[in-house]
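Single-structure report; data block below.
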Amino acid sequence: MTKAYGTARSFIAGWRIQQSVISALALREMQTRYGRDNIGFLWMVAEPLMLASVITSLHQLAPAGENGGSMAPFPFALIGYCVFIIFRNSFNRSEGALYAAGGLSYHVQITPFDIMASKSLVEMSGAVLAFLLLSGVGIMLGLMELPVRPLYLLAAFIAMALMTHGMCMVAAAVTYTNHVLGRFVHAFSYFMFPLSGAFFTVSFLPPWARPVIVWNPMVTIFETARYGMFINATPAYIYPEYIIGFIMLMWCWGLVVIRDVRKHIHVS
């Protein structure tokens with residue numbers, strides 16, 4: 001009993017230390033990236049806010065297709081872009097992330113996992129805050145309504161963040177030791193943009209394409225997000241077991257390779 005209590009206390013103490021480290025690294029990431037001039041940290045929200053507002057405005061002005069009339073264009077595009085931007089921004093910045101923060105490895109408490117977690121935290125926070133701000137504007141202007149199943153929408157944001165973090169750990173570790181593969185990081189994120197399901201639903205596709213596209217785990221995440229937002233959305237293409245399994249696979253792979261790459265990081 002005493003041994004188990006001591007182990008629990010040790011775990012809690014370690015968790016608090018890591019939480020503090022990741023929080024401090026996230027603040028450092030924001031200060032390094034956005035600085036203190038002009039609007040400073042607000043650029044964390046302003047950057048995805050401007051991009052998302054342009055995309056959603058274009059979709060709002062565009063005429064609805066024969067399959068798109070059941071879902072309002074503003075929230076449809078807003079959800080698609082704000083969820084996808086978590087992946088795009090995080091994954092694009094994963095290349096060279098460990099090089100840029102290599103000097104931080106001088107501190108024993110800071111690990112490559114902490115460095116990548118802080119970057120993912122900044123990106124998710126910016127995307128979520130941009131979504132909340134634009135949603136508030138859309139509701140006030142009558143362009144959208146409150147989510148009908150908010151827990152599903154929240155689950156989609158969390159699933160995208162967790163999956164992206166696992167993929168970012170893999171990309172950061174692999175590109176640290178192999179610079180050639182770093183050339184494919186940005187190309188992969190652009191390639192995934194039209195295939196992610198950010199701007200289409202599976203039910204819009206022809207029947208022969210649906211069994212193929214659902215193998216993309218991002219599609220399940222976007223289907224979950226739209227099911228949380230729209231009352232007439234279908235849960236037929238939501239596969240929670242598949243996305244959970246894929247997230248676990250990415251995390252296991254990421255934790256292994258990022259642990260192995262630590263011995264190659266040279267403190268400057």
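Taking 4.5 Å as the limit, some side-chain heavy atom of R88 sits within range of a side-chain heavy atom of Y81. Contact of the M160 side chain with the M218 side chain is registered, since non-hydrogen atoms from C-beta on lie closer than 4.5 Å. Residues V219 and P217 are not in side-chain contact: their nearest non-hydrogen atoms beyond the backbone lie 4.5 Å or more apart. Counting heavy atoms from C-beta on, the side chains of S120 and T164 never come closer than 4.5 Å. In this structure, the side chains of M116 and S94 come closer than 4.5 Å at one or more pairs of heavy atoms. You'll find the side chain of F74 stays beyond 4.5 Å of the side chain of L141, heavy atoms only. In this structure the side chain of R259 never reaches within 4.5 angstrom of the side chain of L255, judged on heavy atoms. At a threshold of 4.5 Å between non-hydrogen side-chain atoms, the residues I213 and F200 count as touching.
Expressed to the nearest 0.5 Å, how far CD1 of I238 lies from CD1 of I221 amounts to 11.5 Å. Of the inter-residue distances, the one linking H165 atom NE2 with I86 atom CD1 reads 13.5 Å to the nearest 0.5 angstrom. In this structure, the separation between OG on S135 and CE on M140 is 10.5 Å, given to the nearest 0.5 Å. Here M163 contributes atom CE and I244 contributes atom CD1; the two are 13.5 Å apart, rounded to the nearest 0.5 Å. I85 contributes atom CD1, which lies 13.5 Å from atom CE of M124 (distance to the nearest 0.5 angstrom). In this structure, CD1 on I258 lies 10.0 Å from CH2 on W251, to the nearest 0.5 angstrom.
In this structure, the ring of F131 has its center less than 6.0 angstrom from the ring center of F157. You'll find the ring centres of F91 and F87 inside the 6.0 Å limit.
Under a hydrophobic-cluster definition in which Ile, Leu, Val, Met, Phe, Trp and Tyr are linked whenever side-chain heavy atoms come within less than 4.5 Å, directly or via other members, L153 and Y239 are assigned to different clusters. M192 and W215 end up in different hydrophobic clusters when Ile, Leu, Val, Met, Phe, Trp and Tyr side chains are linked at under 4.5 Å. Both I158 and V128 belong to a single network of hydrophobic side chains, linked directly or stepwise wherever heavy atoms of I, L, V, M, F, W or Y lie under 4.5 Å apart. Criterion: ILVMFWY side-chain heavy atoms under 4.5 Å apart, direct or through other members. Under it, M167 and V83 are part of a common hydrophobic cluster. In the hydrophobic cluster analysis, where Ile, Leu, Val, Met, Phe, Trp and Tyr join through side-chain heavy atoms closer than 4.5 angstrom, I243 is grouped together with I79.
Among all heavy-atom pairs drawn from S118 and I115, the shortest one is OG-O, 2.7 Å. A173 and V261 get closest at one heavy-atom pair: O-CG2, 3.8 Å. Of all heavy-atom pairs spanning I231 and R149, the tightest one is O-NH2, 3.3 Å. Nearest heavy atom pair, residue G228 against residue P147, reads O-CB, 3.5 Å.
R210 contributes a side-chain N or O that, together with a main-chain N or O of S203, makes up a donor-acceptor pair within less than 3.5 Å. Although no hydrogens or angles enter the test, the distance criterion places a donor-acceptor pair under 3.5 Å between the side chain of E223 and the main chain of V202. Put simply, the side chain of N216 gets close to the backbone of L195: a donor and an acceptor are under 3.5 Å apart.
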From CA spacing to verdict: side chain to side chain contact (heavy atoms under 4.5 Å, CB included), F222, T201: CA-CA 8 Å; F222 284 107; T201 67; over 6 Å; no
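Annotation: Y242, atom OH; neighbour count of heavy atoms from other residues, nucleotides and ligands within 6.0 Å is above 12.
E123 and R93 are joined by a salt bridge, as a carboxylate oxygen and a charged side-chain nitrogen come within less than 4.0 angstrom of each other.
With no hydrogens or angles considered, no side-chain donor-acceptor pair links R226 and Y237 at under 3.5 Å.
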